[in-house]
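Shown next, in structure tokens, is the structure this report addresses.
All values below were derived from every heavy atom in this structure, side-chain atoms included, with hydrogens, water molecules and symmetry-related copies excluded.
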Amino acid sequence: MAERVQVREVDDDEGRRLLRIVRRGTGSVVTWRRVQMVLLSAQHMPVAKIAEVTFTSADRVRDVIHNSNADGSDSLYPKYRGGRPRTSTLPERREIKKIAKSKPAEHGLPFSTWSLARLADFLVAEGVVDDISHEGLRILLREEGVSFQRVKTWKTSRDPRPRRRATYTRPHGVRHLFAAHNLAKDQLYGHVKKTKNRSEFLEFCRYLRSLHPTDVRIAIVCDNYSPHLTTKRCQRVGIRAAANNVEIAYTPTNSSWLNRIEAQFTALRYFVLDGTDHPSHKAQGSMIRRYIIRRNKHAADERLRTVVSRANVA
């Protein structure tokens, strides 16, 4: 049986230095990706899993680990030659432009639009270029006439053009996302519904209750939206909660931002909804579900944690 490929032991000082490189996210994309591979390997993650997390091949991960074991931290930095930086070839520019004008979903990525960071990482992972800085990519795209102009929302209009950008009519209504964030496991759950009423809320609570043993008491933190409340006219929420070992905890009035799930909504909007132009509610709901699945598999993703930490005020 072949020996498992794993990075050498990383001491505390080197570990802190590598963590600073990953958290800052500045400098060379190649260095950032190599450091990420080394840190994951230091946590005893197998090569195949590292390749999945970093969107690259297992062979590339093995090469990085072997080079790190042989040459230390010096192998993490690309060996650039002196003089003027290498100019992208015409085939590379054409491929970069083609990918930039495509949608991330066409490449199996649960993102609504490209950003410079996402596009640079994807180009390196796919082998289109060996390395490219965010500024170099921005200049190249500007020269090729490609820009990322975000669209606020989509709605059907009389505009004969194929893109739907008008906001003045909603012939098919809106959709509501029932979502919950398990703080203990850092897992996100969500159901897209046509309506948001007390019956739909209780159905979602029943789903959350099914995720835990019945003898384990769970607390569901909600805001003061009327379907969440027990009232004199309708006491179903309180009755169901008491019967199923559930506590409904409410945030103070006008303070729903204290709920920890609000930061998760910020990340969902950033990765999925900002700049969207989905042709239907079905397509949008599919993108949201794909994002939640991928988000739960990669809950430790640095960019996700950065967006959530920036938005988290509770």
Legend entry - salt bridge (charged side-chain N to carboxylate O under 4.0 Å, His left out) assessment of E52 paired with K297: CA-CA 10 Å; E52 179 183 348; K297 290 183 179 179; 5.3 Å; no
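- Looking at V124 and D130, their side chains never come closer than 4.5 Å, going by heavy atoms from C-beta outward.
- In this structure, the side chains of L141 and I96 come closer than 4.5 Å at one or more pairs of heavy atoms.
- When each of I21, V64, V61 is tested with V38 by the rule side-chain contact (heavy atoms from CB on, under 4.5 Å), just one qualifies, namely V64.
- Taking 4.5 Å as the limit, some side-chain heavy atom of F271 sits within range of a side-chain heavy atom of L304.
- The residues E143 and R93 are annotated as salt-bridged, a charged nitrogen and a carboxylate oxygen being separated by less than 4.0 angstrom.
- For the pair V237 and R198, the minimum side-chain heavy-atom distance is below 4.5 Å.
- For R94, the CZ atom is loosely surrounded, since the number of other residues' heavy atoms within 6.0 Å does not exceed 12.
- Two residues are said to be in side-chain contact when any heavy atoms from C-beta on lie closer than 4.5 Å; L273 and M287 fail this criterion.
- In this structure, R269 fails the cation-pi test against Y291, since its NZ or CZ atom is not both closer than 6.0 Å to the six-membered ring centre and inside 45 degrees of the ring normal.
- Under the 4.0 Å criterion applied to side-chain N and carboxylate O atoms, D59 and R62 are assigned as salt-bridge partners.
- Taking the side chain as every heavy atom from C-beta outward, C205 and I220 approach each other to under 4.5 Å.
- Side-chain contact between Q264 and I261 is present, with heavy atoms from C-beta onward closer than 4.5 Å.
- Using cut-offs of 30° and 60° on the angle between ring planes, the pair F201 and H228 is tilted.
- Annotation: cation-pi pair K196/Y225 present, NZ/CZ under 6.0 Å from the ring centroid and within 45° of its normal.
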field: Verdict with reasoning, R138 to E135, per salt bridge (charged side-chain N to carboxylate O under 4.0 Å, His left out)
entry: CA-CA 5 Å; R138 184 188 67 80; E135 179 63 15; 2.4 Å; yes
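- E14 has a carboxylate O that lies under 4.0 Å from a charged side-chain N of R8, or vice versa, which qualifies the two as a salt bridge.
- Without hydrogens or angle criteria, T306 side chain to E302 main chain gives a donor-acceptor distance under 3.5 Å.
- Contact check on R260 versus D186 returns no salt bridge, with no Lys/Arg side-chain nitrogen under 4.0 Å from an Asp/Glu carboxylate oxygen.
- The main-chain N or O of Q235 is never found under 3.5 Å from a side-chain atom of T230 such that the two would form a donor-acceptor pair.
- For the residue pair I288 and L177, the shortest heavy atom distance occurs at CG2-CD1, 4.3 Å.
- Remark: E106 CD is packed, more than 12 non-hydrogen atoms of other residues, nucleotides or ligands lying under 6.0 Å away.
- Ring to ring, F178 and H191 are not that close: their centroids are 6.0 angstrom or more apart.
- I218 has its side chain out of reach of N245: every pair of non-hydrogen atoms, C-beta onward, lies at least 4.5 Å apart.
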